[in-house]
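Accompanying notes for the structure given below.
Just the heavy atoms: all of them, side chains too, but no hydrogens, waters or symmetry mates, feed the values below. Both ligands and their constituent atoms are indexed starting at 1 by order of listing.
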Amino acid sequence: MKTETRVVSAGRHPEQHFGAVNPPVYHASTIVRRSMAEWREVRTRIFDDVVYGRFGTPTTKAFEEAVAALEGADRAVAVSSGMAACAAAILSVVKGGDHILVTDSAYQPVRKLAENFLKPFGVETTYYDPAIGAGIAALIRDNTSLIWLEAPGSQTMEMQDIPAITAVARERGVRTGIDNTWATPLLFKPLDFGVDLSVNAATKYLVGHSDAMLGVVSMRAELFEKTKITANFMGSCPGSEECYLGLRGLRTLAVRLRQHEENALRLAHWFQGRPEVNRVLYPALPDDPGHAIWQRDFSGASGLFSVILEPADEAQVAALVDGLEHFGLGASWGGYESLVLPFDPTDYRTVTEWRAAGPCLRFHIGLENPDDLIADLEAGFDRLRAAG
Ligand SMILES: *Cc1c(COP(=O)(O)O)cnc(C)c1O
């Protein structure tokens, strides 16, 4: 089955819902049983049946089934946010006394989880250069239990040689987890490249409309129960409404992503031609340092990239950003709309020095007509120069 068809059909069971095309939003905590015998019997099937709201409703399970099918995974565990998915994946394989390796380009709250939460429980974290590849072998210790990847990296957009890292991890018996939010399961399938746990902040492209918080972890059958139990102990159950929105978003993901990629490529090339721009960080660009790996492993690009401006002061950047009509200034991304966000990786990078010529901006390119976005930014650059 081709991807577009799978996106439309995965996890759908109209026959279970009076023929309704989409599963209803089941509002349920208690699931009542007819007898002691049935109650006892159901307790043996907590991972497969509908037993209690925290373990998931039929809506939750439809979302999980669809995501697992798209990831090429055996199972998926839906949780209440992308951050909850990172936490559930990490905590399902890490215990006190362990050592973990985290890419220096990781989503910043994952670093905070390591520093503020894992460290007091006796888990030591070493950050590594995202470009390390097979060199990761030198950092693995006897107690290393997890290598955490993210490609392209949050904000700085470095690609990683994922198969090189997972090959070493497999050989050394170390688990791997990846934050696959940028690519979604449509553009990169981590499990096919040897990754054990694939995380998606479904809040972004899967939901796709900037109106729900949702996360999901996908895995082979072997790691499912541990992840599910971990998420459950953390109380991290998504609402059925959110899972419904995740499923509904998923149905149009293939066409949305194609348009995000087309628009983002147009904008990225346009930025490259601007005198106010020093560099564009986007692996889909042929001159990006991560382009070869991206082309080898990924089947497309989403609409998120970063731009390093030529030196400009805060007032100039504010003149550019504040007057934009079509770019909202806000966290998150992956919705249908364009966004812009200033960032400064020098604040948190620890093992790879980050040197940027000027201020950095992250752009999410939405589904607007790119001509309008370019006109908006042209006016923005006029304001930036006038403020200089
Ligand atoms: C947004 C984001 C998350 C967290 O998702 P939430 O749903 O906001 O908790 C995790 N990883 C990446 C790469 C993200 O961009």
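- Residue contact check: Met83 has heavy atoms under 4.0 Å from atoms 4 (C), 5 (O), 6 (P), 9 (O) of ligand 1.
- Ligand 1 has no N or O atom lying under 3.5 Å from any N or O atom of Leu214, backbone or side chain.
- In summary, the atoms of ligand 1 found under 4.0 Å from a heavy atom of Met213, numbered by their order in the structure, are 6 (P), 7 (O), 8 (O).
- At least one heavy atom of Trp333 sits less than 4.0 Å from an atom of ligand 1.
- Residue Ser154 places no N or O, backbone or side chain, under 3.5 Å from any N or O of ligand 1.
- A cation-pi contact, defined as under 6.0 Å to the ring centre and within 45° of the axis, links Arg75 to Phe224.
- At a threshold of 4.5 Å between side-chain heavy atoms, the hydrophobic network of Ile, Leu, Val, Met, Phe, Trp and Tyr places Val255 and Val8 in two separate groups.
- A donor-acceptor contact shorter than 3.5 Å links the side chain of Glu150 to the backbone of Tyr107.
- Remark: Arg266 fails to qualify as a cation-pi partner of Trp270 under the 6.0 Å distance and 45° angle criteria applied to the six-membered ring.
- Nearest protein neighbour of atom 12 (C) of ligand 1, counting heavy atoms only, is Asp179 OD2, 3.4 Å.
- Side-chain rings of Phe47 and Phe55 stay apart, their centers remaining 6.0 Å or farther from each other.
- In this structure, Phe188 has its ring center under 6.0 Å from that of Phe193.
- Which parts of ligand 1 touch Thr203 is read off a 4.0 Å heavy-atom cut-off, strictly below it: atoms 6 (P), 7 (O).
- Summary of contacts: the protein heavy atom closest to atom 1 (C) of ligand 1 is Lys204 NZ, 1.5 Å.
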Checklist entry - Would Arg258 and Glu262 satisfy side chain to side chain contact (heavy atoms under 4.5 Å, CB included), going step by step from the backbone distance to the final call? => result CA-CA 6 Å; Arg258 268 204 291 276; Glu262 188 184 315; over 6 Å; no
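- Interface of Gly82 with ligand 1, defined as ligand atoms under 4.0 Å from a residue heavy atom, comprises 4 (C), 5 (O), 6 (P), 7 (O), 9 (O).
- Within the listing of ligand 1, atoms 2 (C), 3 (C), 4 (C), 5 (O), 10 (C) sit less than 4.0 angstrom from a heavy atom of Ala201.
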